[in-house]
Amino acid sequence: AQRVTQPEKLLSVFKGAPVELKCNYSYSGSPELFWYVQYSRQRLQLLLRHISRESIKGFTADLNKGETSFHLKKPFAQEEDSAMYYCALRNYGGSQGNLIFGKGTKLSVKP
Amino acid sequence: GAVVSQHPSRVICKSGTSVKIECRSLDFQATTMFWYRQFPKQSLMLMATSNEGSKATYEQGVEKDKFLINHASLTLSTLTVTSAHPEDSSFYICSAGPRRTEFQETQYFGPGTRLLVL
């Protein structure tokens with residue numbers, strides 16, 4: 001079954017520290033993975049997706065098919081990075097490509 | 001970028017009444033829109049896929065007669081919670097993408113609608 005697992009509900013780091021938000025997936029085909037971010041009182045928005053291989057706001061994520069992971073990393077966290085982060089998997093076999101979300105990780109960056 | 005709006009942003013209603021939530025794509029056409037529900041401190045769960053000009057596709061466990069979806073145009077989908085009960089209280093979020101079969105497109109999310117059923 002298709003599934004996205006984010007093992008950490010809350011991740012708290014100090015400003016300037018490295019941060020890694022974990023995401024593991026289960027998918028039978030070739031996965032398409034995303035990271036979405038939701039800042040306080042704002043809507044969900046796309047942060048990055050693996051096919052773009054881009055770095056957004058200093059965040060990167062590499063798809064590791066061997067470990068079925070798509071961890072989100074940033075070398076130096078900033079206070080403005082505090083938000084909810086959701087890892088998502090495109091469900092090709094489902095309803096026309098809907099997204100399957102993990103439960104989310106709340107990142108708290110302390111000054 | 002593309003914008004998706006939802007109306008209302010918040011609604012409080014009495015048990016037994018029906019509530020309609022609108023989802024609009026403001027600057028693009030969306031043949032497909034997705035409706036999600038998010039309970040407090042939980043993830044988004046897909047409820048149904050709204051298809052313009054055809055019936056919606058509901059996920060397992062979602063009652064189609066309770067959650068009526070109408071995708072009347074390429075820019076508007078509505079979700080009607082019929083005979084709402086307190087357990088329907090939740091955060092309802094819609095998303096839309098510009099093209100139906102192009103899986104490379106990005107999903108744009110609405111701001112969500114907070115429903116509280118008393």
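In the text below, chain A, chain B and the rest are named by the order of the sequence lines, each starting its count at 1. As the structure is a prediction and not an experimental result, all values here were calculated from the model. Just so you know, these numbers use all the heavy atoms, side chains as well, and skip hydrogens, waters and symmetry mates.
- Looking at A:Leu46, the atoms closer than 4.5 Å to chain B (heavy atoms on both sides) all sit in the side chain, from C-beta outward.
- A continuous path of ILVMFWY side-chain contacts below 4.5 Å connects B:Ile21 to B:Met47, so both sit in one hydrophobic cluster.
- A:Ile100 does not touch chain B: none of its heavy atoms, backbone or side chain, sits under 4.5 Å away.
- No single ILVMFWY cluster, assembled from side-chain heavy atoms under 4.5 Å apart, contains both B:Met33 and B:Phe67.
- Within 6.0 Å of atom CD in B:Glu87, more than 12 heavy atoms from other residues, nucleotides or ligands are found, so the atom counts as buried in its surroundings.
- When each of B:Pro111, B:Ser5, B:Ser95 is tested with A:Arg43 by the rule side chain to side chain contact (heavy atoms under 4.5 Å, CB included), just one qualifies, namely B:Pro111.
- Rounding to the nearest 0.5 angstrom, the gap separating the CG atom in A:Leu99 from the CZ atom in B:Phe109 is 5.5 Å.
- The stretch residues 13-22 of chain A places none of its residues near chain B, where near means some heavy atom under 4.5 Å from a heavy atom of that chain.
- Contact annotation for residues 101-111 of chain A against chain B (heavy-atom separation below 4.5 Å, listed by residue number): A:Phe101, A:Gly102, A:Lys103.
- Put simply, B:Leu68 and B:Tyr36 are part of two different groups of oily side chains (I, L, V, M, F, W, Y) that touch within less than 4.5 Å, one to the next.
- Interface remark: B:Gln6 contributes no atoms to any contact with chain A (heavy atom separation under 4.5 Å).
- At a threshold of 4.5 Å between side-chain heavy atoms, the hydrophobic network of Ile, Leu, Val, Met, Phe, Trp and Tyr places B:Leu74 and B:Ile69 in two separate groups.
- For the options B:Ile93, B:Leu44, B:Val4, heavy-atom pairs under 4.5 Å to chain A are most numerous at B:Leu44.
- Taking non-hydrogen atoms and a 4.5 Å limit, the residue list of residues 70-81 of chain A in contact with chain B is empty.
- At a threshold of 4.5 Å between non-hydrogen side-chain atoms, the residues B:Gln107 and A:Tyr36 count as touching.
- Hydrophobic clustering of Ile, Leu, Val, Met, Phe, Trp and Tyr side chains at less than 4.5 Å, counting indirect connections, keeps B:Met45 apart from A:Tyr27.
- Within 6.0 Å of NE2 in B:His85 there are more than 12 heavy atoms belonging to other residues, nucleotides or ligands.
- For the side chain to side chain contact (heavy atoms under 4.5 Å, CB included) test, residues two or more places apart in sequence or in another chain that qualify with B:Ala84 are B:Cys13, B:Val81, B:Asp88, B:Val117.
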